[in-house]
Protein chains: 2
Amino acid sequence: MSTTPAFRRLPRAVRERQMLDAAVRVFSRRGFHAASMDEIADEAGISKPMVYAYLGSKEELFTACLHREGTRLLEAIVGAVVPDLPFEERLWRGLRAFFRFVGAHRDGWAVLYRQGRGERPFAGELAAMRHRIIEVVAGMLDRGLAADGREVRPAELEIMAYALVGASESVADWLADHPDADPDVLAGRMMDFAWTGAGNLLAGRRWSPPPAPTD
Amino acid sequence: MSTTPAFRRLPRAVRERQMLDAAVRVFSRRGFHAASMDEIADEAGISKPMVYAYLGSKEELFTACLHREGTRLLEAIVGAVVPDLPFEERLWRGLRAFFRFVGAHRDGWAVLYRQGRGERPFAGELAAMRHRIIEVVAGMLDRGLAADGREVRPAELEIMAYALVGASESVADWLADHPDADPDVLAGRMMDFAWTGAGNLLAGRRWSPPPAPTD
DNA sequence: GAGCTTACCTACTCGTGCGTAAGGTTACGC
DNA sequence: GCGTAACCTTACGCACGAGTAGGTAAGCTC
C-alpha cells in the first residue's frame with residue numbers, strides 16, 4: 001500500500017491553530033483548572049509535548065485563547081461601528097455585531113465570559129478589557145448626549161454603560177444556550193431596551209422614588 | 001495563669017458557621033479549584049480534618065457556600081418585595097434589597113457571580129437559580145403590563161427580564177469593587193434605566209431599525 | 001541516499017492538594 | 001476524680017496532572 005500515514009505532518013502554523021481551537025473548546029466546557037493539557041492535546045489530535053513546544057505553559061495557552069477570542073470580538077465590534085454614523089446607528093450596528101459574534105463563536109464567548117472572570121491570574125486583565133469596552137460605550141452615550149445639547153455627570157454615564165453592557169452580556173449568554181435564536185432579533189430586542197430606555201432617560205426623564213415609607 | 005487555652009473548644013454549630021464564613025472568603029478570592037482545603041481550615045482557625053468531619057468534601061463545602069449565600073440573597077429580595085404593592089414599588093424595593101445585599105456581602109456575591117458560574121458541577125444549579133429569579137422578574141413585568149391592559153409575548157418578556165437582571169448584576173459587580181458607593185443610589189440609577197426604559201418600552205414605544213443599508 | 005531539520009511520540013518525574021488514620025486534649029456527667 | 005464522648009491535632013497515603021527527557025521518523029536539500 002502507498003503512503004497513507006494515519007497522522008499527516010502539518011506545518012506549525014496549522015497545528016497552532018488546531019491547538020488553539022481545541023483549547024478554546026475544552027476550556028469552554030471545563031474551565032481553566034478542570035481542563036487538563038492531556039485532554040486539550042487529545043482534542044487537537046496531537047500529543048501533549050507538542051502543545052508545550054508550540055504554545056508554552058497552560059497559563060500561556062489560556063492567555064493565548066483569551067487574547068485571540070477577545071481580539072476577534074473587539075475587531076468584530078469596532079469593524080461594525082463606523083465612526084461618523086449617528087449614535088443610534090452605531091449602537092445598533094455594535095450590538096448586532098456583538099450578538100452575531102456570540103452566536104458564531106459560542107465557545108470563545110464561554111471562555112471569555114464564564115471561565116475567564118473567576119480565574120485569578122486572568123480576571124484582572126479580562127476585567128480591564130471589559131472596562132475598556134464600557135468606557136467606549138460611555139463615550140458613545142456622552143457624544144450622543146452632547147449632540148443633543150445635554151450633559152450628564154461622568155459617574156452616571158459610567159453606571160449606565162455598565163448597565164447596558166451587563167444587559168447585553170446577559171442576553172448574549174442566553175443566546176449561547178439557545179442555538180436556534182437569531183442574533184439579529186436579539187440585537188433588536190436590546191435596542192428596544194437600550195435605545196428606548198436610554199433615549200428617554202437621557203432626554204431628561206428621571207425616575208424618582210415614590211413618597212411611600214422608604215424603609 | 002488561669003485557663004486561657006489558645007483554642008477554645010466550641011460547639012459544632014458555631015464552628016460550622018465559622019468554617020462556612022472562612023470558605024466563602026477563600027472561595028471568593030481564589031475560585032473553587034485554586035482554593036485549598038488547608039487554606040480554608042487555616043482561615044477558619046481550625047485544622048483540616050474538622051472541615052471534613054463537619055462539612056464533608058470540598059464539593060459539598062462549595063455547594064453549602066453557594067446554597068447559604070444564594071438563600072440569603074433570595075430571602076433578602078423576596079422579603080423586600082411585598083406582593084400587593086404596585087409594580088414600580090416592588091421593582092424599586094427588590095433592586096434596593098439586591099444592591100444592599102451585594103454591598104453588605106461582597107464575598108458571597110463574588111462566590112455566586114464570579115466563581116460559581118464557570119465551575120462544572122455547580123454551574124447548572126446556579127444557572128437554574130438565576131433562571132428562577134429571571135422568571136420572577138418576567139412575571140413582575142407581565143403583571144405590570146396586564147394591569148396596564150397590554151400584552152407581550154412571553155419570549156420577549158423573558159429576554160427583557162434577562163436584560164434587566166444582567167444589567168443589575170453588572171452594576172452590582174461594579175459595586176463590589178467600589179466599597180464607598182451607596183447601594184441605594186445605585187438602585188436608583190437602575191430604576192432610572194429599568195423603569196424609564198422598560199416603562200416607555202412596555203407602553204408601546206418600540207425601536208425600529210433605521211432604513212439605511214442594513215449590512 | 002547522506003545528512004540535516006522539523007514534526008512528533010512514549011514514558012517518565014515530581015509537586016500539589018484531597019481525603020484519612022490514629023492518636024492527644026478538654027469538658028462534662030456522675 | 002474518673003470515664004467517656006466530643007472536639008481537635010499531626011502526619012501521612014494516594015491520585016492526578018503539569019511539565020520534560022530522550023528517542024523516532026518524515027520530509028527536504030544536495
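- For the pair Tyr52(A) OH and dC8(C) P, the computed distance is 18 Å after rounding to whole Å.
- Every residue meeting the side chain to side chain contact (heavy atoms under 4.5 Å, CB included) condition with Leu85(B), not counting sequence neighbours, appears here in chain and number order: Val82(B), Glu89(B), Arg90(B), Arg93(B).
- Asp21(A) is linked by a side-chain hydrogen bond (donor to acceptor under 3.5 Å, both in side chains) to Arg68(A), counting only residues two or more places apart in sequence or in another chain.
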Give each protein N/O atom lying under 3.5 Å from an N/O atom of nucleotides 10-13 of chain C, with the pair distance.
none

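- Considering only the side chain of Ser57(A), dG19(D) comes nearest among dC9(C), dG19(D), dG19(C).
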Return all side-chain donor-acceptor pairs below 3.5 angstrom for residues 125-140 of chain B, not counting sequence neighbours, or 'none' if the list is empty.
residue, atom, partner, partner atom, Å
Arg130(B), NH1, Glu169(B), OE1, 2.6
Arg130(B), NH1, Glu169(B), OE2, 2.9
Arg130(B), NH2, Ser170(A), OG, 3.0
His131(B), NE2, Glu135(B), OE2, 3.4
His131(B), NE2, Glu158(B), OE2, 3.1

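- Counting to the nearest Å, the P atom of dA7(C) and the CG atom of Leu55(A) are 13 Å from each other.
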Kindly list each side-chain donor-acceptor pair under 3.5 angstrom involving residues 70-81 of chain A, sequence neighbours excluded, with atom names and distances?
residue, atom, partner, partner atom, Å
Thr71(A), OG1, His67(A), O, 2.6
Arg72(A), NH1, Glu69(A), OE2, 3.4

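- A donor-acceptor contact under 3.5 angstrom links the side chains of Ser57(A) and Glu60(A), judged on distance only.
- Judged as a side chain to side chain contact (heavy atoms under 4.5 Å, CB included), and not counting sequence neighbours, the contacts of Ala64(B) are Leu20(B).
- Each of dC8(D), dA7(C), dT20(D) was ranked by its minimum atom distance to the side chain of Met50(B); first place goes to dC8(D).
- Remark: nothing in residues 29-40 of chain B comes within less than 4.0 Å of DNA chain D through any heavy atom.
- If you take CZ of Arg17(A) and C1' of dA7(C), they are 19 Å apart, rounded to a whole angstrom.
- One interatomic measurement links the two molecules: NZ of Lys58(A) to P of dT16(C), which rounds to 15 Å at whole-angstrom precision.
- To the nearest angstrom, P of dC9(C) lies 11 Å from CG of Asp42(A).
- The interatomic distance linking Glu16(A) (CD) with dC8(C) (P) rounds to 11 Å, in whole Å.
- For dC8(C), the OP1/OP2 oxygens have a side-chain nitrogen or oxygen of Arg15(A) closer than 4.0 Å.
- Partners of Arg12(A) by side-chain hydrogen bond (donor to acceptor under 3.5 Å, both in side chains), not counting sequence neighbours, listed by chain and number: Glu16(A).
- By the side chain to side chain contact (heavy atoms under 4.5 Å, CB included) test, Asp173(A) pairs with Trp109(A), Tyr113(A), Arg114(A), Arg117(B), sequence neighbours left out.
- Ion pairing between a basic and an acidic side chain is recognised when a charged N comes within 4.0 Å of a carboxylate O; Asp38(A) and Lys48(A) show such pairing.
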